[in-house]
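To start, the structure under review is shown below, and the notes come after it.
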Number of protein chains: 2
Amino acid sequence: MNSSVTLRDIAKALNLSISTISKALNDSHEIGAETKQKVLDYAKKHHYSPNRMAKGLKEGKTRTIGVVVCSLDNNVIAQMLDGIHKASTDKSYQIIIMQSKESEKLETACLELLYAGGVDGILISPAYETVNFNYLLSLQKSGIPVVLFDRLIDQIHTHKVGADNFKGAYEATMHLINNGYRKIAHLNTNTILSIATDRLNGYKQALADSGIEFRPELLRSCNYTGATTLNENLEQAIKDYMSLEDKPDAIFTATDQISTKCLVLLNKLGYKIPEDIALIGFTNTDLAEAMNPPMSTVYQPAFEIGQLAAEKLISLIERKNFDEGFETVMLPTEVQVRASSQPKK
Amino acid sequence: MNSSVTLRDIAKALNLSISTISKALNDSHEIGAETKQKVLDYAKKHHYSPNRMAKGLKEGKTRTIGVVVCSLDNNVIAQMLDGIHKASTDKSYQIIIMQSKESEKLETACLELLYAGGVDGILISPAYETVNFNYLLSLQKSGIPVVLFDRLIDQIHTHKVGADNFKGAYEATMHLINNGYRKIAHLNTNTILSIATDRLNGYKQALADSGIEFRPELLRSCNYTGATTLNENLEQAIKDYMSLEDKPDAIFTATDQISTKCLVLLNKLGYKIPEDIALIGFTNTDLAEAMNPPMSTVYQPAFEIGQLAAEKLISLIERKNFDEGFETVMLPTEVQVRASSQPKK
DNA sequence: CTGTTAGCGCCTTCAT
DNA sequence: ATGAAGGCGCTAACAG
């Protein structure tokens, strides 16, 4: 740590006591205006800033928020982190970011580290793999506020902030239907998280509302553990789809990675998009426009999700809303239409 | 902060003194094996973990690294952060990430915050806009180790880790030349950072080595402040290029954002890539394959850059290499050939 | 081998 | 209006 000027230094320099300095800097009423000014001037001039460690130790707070995400290297996540970052620095909190890499075990390790590190609160978007939330619950029980963002679960009672995945999926599927597609496949992840089921349900509802029968063979859940595995899974899924007797004429993909990888694979396998098969998917990349063809997407307000979640966590930490109950906020998604889902000819 | 079990709690429970517990947990040789075991067992059972704040206060260390980058929401940066994150957690350091948004003023604010927060060291990839590095230098002088990564500058004497930008640019330009292109434009940023000049020099060298004259009108430096501005700048640059009497047949782009935006713009303006104009650029996106057309890229070992930089910083913090001098490491880039730079017909 | 003590920088009573 | 003293949890020097 940098050896900056301390209260003691100022006290010595100004021939005052440490507590006088402390009070002056905290604008206590029991310090004379003149003294106060003198102290403030000196402090500013010498770049005094209170020692985080000492203050934290004293107050039993760290002004630090722990964040657990699947991976840093992911568009949507990066945008959410950006929002979390903004809200946190606005309220002068630091954030510590941990990556679960979709592994339940790693996720628990992250939480343990955060706990040991003494964070004031935790923001988490659970790993796909996670099914057991006991550790998280025990943290919460031991007094650490937890807020869920992006991927929400029912097993824990707290504030939750995510996208309206049901609606987003519904609208994406409807968009395909309105453009003349009837045999719509859905590629999703094999996780118990509601982010997957909500999107699946939105898809099913759109089919139902349009009098289209849901065909189980057009639904595939991909294994997300390891990038290669995902790619292989996807390739197999696509090949299976396309070798069906009654093959799909469109695909609706449920996650950022699946969407972009799917587009690459369709190109690689020689299918024309959207002539052979149309495509729309959840993803936030600003490169959708650059793709071949430009890809229709369901955009999530990722920045806002992160920002709101962080604000809610901080309010929990500071117990501003002592009496208010917990709430779940679902921010609206937006279908961005591009060439990959052009009306069927 | 979570109110966990403290040394005192353990001492009381085991009827031992606080310092005995402390020593036992630190595996001091002056504690009996039996006692040690008893303490360790109790500690594990009750999830003891030392209070970060107390330890930090005592040791004058925070085991925290401050990281300053232009933006979280950027492929290359995210990959570097991933590497920084890995190296840091491997050595049980926390990281605090700050964003400069390419602004010198914001960057200084980030550094001030980090300083006030009491970080043990700083990793920084300077903002494009920054020309004055005095604050950074003053931090270093006051005893905080600083390591530069990604974007390196001469003004500060320390460890530096980046990509071999000269070579990457040279190879990219050579690739175009070898594929028959002769009128190669270069789109860069208007920054004094060597990341820009190195790439420019690599480009020039490749031209020179091939007996091609450098044409100033084929070089444009874009203003990076604000995403819209960049887009407008780029569009204007491209239009200017294409209205030249002797217009370019290829473009080599110098940054991630310029590369991808340039491809979008060329498509938007109706130019065929690579028939009307070929394209290769620095960028790490794994979506290069998905683009229209698949884009040839210069890939930087971003993860490794971050990881190595963090390792070097930690070794500075821990003064492991007290006598060794500072070094600048340039990791090799890799030209990934795709359709956008196909041999000229 | 174990315990006592002091102190890291800050804040908070309680005196003066 | 200012100062003295104690303590947050931990470590390290010094005693026993």
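Lettering follows sequence order; numbering is per chain, from 1. Keep in mind that what you see is a predicted model, and the values were worked out from it rather than measured. Because only heavy atoms are used, hydrogens play no part in the values below, and waters and symmetry mates are left out as well, while side chains stay in.
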Regarding B:Q99 and A:D82, do their side chains bring together a donor and an acceptor under 3.5 Å, going by distance alone? yes

Roughly, in whole Å, what's the span from CG in A:N26 to P in D:dA1? 17 Å

What about A:S17: does its side chain form a donor-acceptor pair under 3.5 Å with the base of D:dA4? no

Among C:dC10, C:dT2, D:dG9, the nucleotide that comes nearest once only the side chain of B:T35 is considered: C:dT2

Just to be sure I understand the rule, does A:T6 reach a base, reach only the sugar-phosphate, or reach nothing, if contact means heavy atoms closer than 4.0 Å? sugar-phosphate

Determine, for B:K312 against B:E327, whether the closest basic-nitrogen to carboxylate-oxygen distance falls under 4.0 angstrom. yes

Quick one: B:I18 CD1 to D:dC14 P, roughly how many Å, whole number? 20 Å

Going by side chain to side chain contact (heavy atoms under 4.5 Å, CB included), name the residues that satisfy it together with A:I156, two or more places apart in sequence or in a different chain. A:L136, A:L137, A:Q140, A:V146, A:L148, A:I153, A:T158

Rounded interatomic separation in angstrom, taking CD from A:Q37 and P from D:dA1: 16 Å

Assuming nearest nucleotide by heavy-atom distance, tell me which of A:K23 and B:A54 is located more 5' along DNA chain C. B:A54

Between B:L57 (CG) and D:dT11 (P), how many Å, whole number? 12 Å

Give me the atom names and distance for the closest heavy-atom approach of B:D154 to B:K160. CA-NZ, 4.0 Å

Donor-acceptor contact present, side-chain B:R63 to main-chain B:K91, <3.5 Å: yes

Could you check how far NZ of B:K12 sits from C1' of D:dC10, rounded to whole Å? 16 Å

Name the nucleic acid region contacted by B:K58, choosing base, sugar-phosphate or nothing; use a 4.0 angstrom heavy-atom cut-off, strictly under. base

Should A:R8 be listed as having a side-chain N or O under 4.0 Å from OP1 or OP2 of C:dC8? yes

Starting at CG of A:N15 and ending at C1' of D:dT2, how long is that distance when rounded to a whole Å? 13 Å

Out of C:dT5, D:dC8, C:dT2, which has the shortest distance to the side chain of B:I31? C:dT2

Give the rounded distance in Å between these two atoms: CG of B:L7 and P of D:dG7. 17 Å

DNA chain C: 5'-proximal contact among B:A33 and A:Y48 (nearest heavy atom): B:A33

Rounded distance (Å) that lies between atom P of D:dT11 and atom CG of B:L25: 8 Å

Does B:S22 get its side chain close enough to the base of D:dT11, under 3.5 Å, for a donor-acceptor pair? no

Can you see if the side chain of A:T20 gets near the phosphate of D:dG3 - specifically, an N or O under 4.0 Å from OP1 or OP2? yes

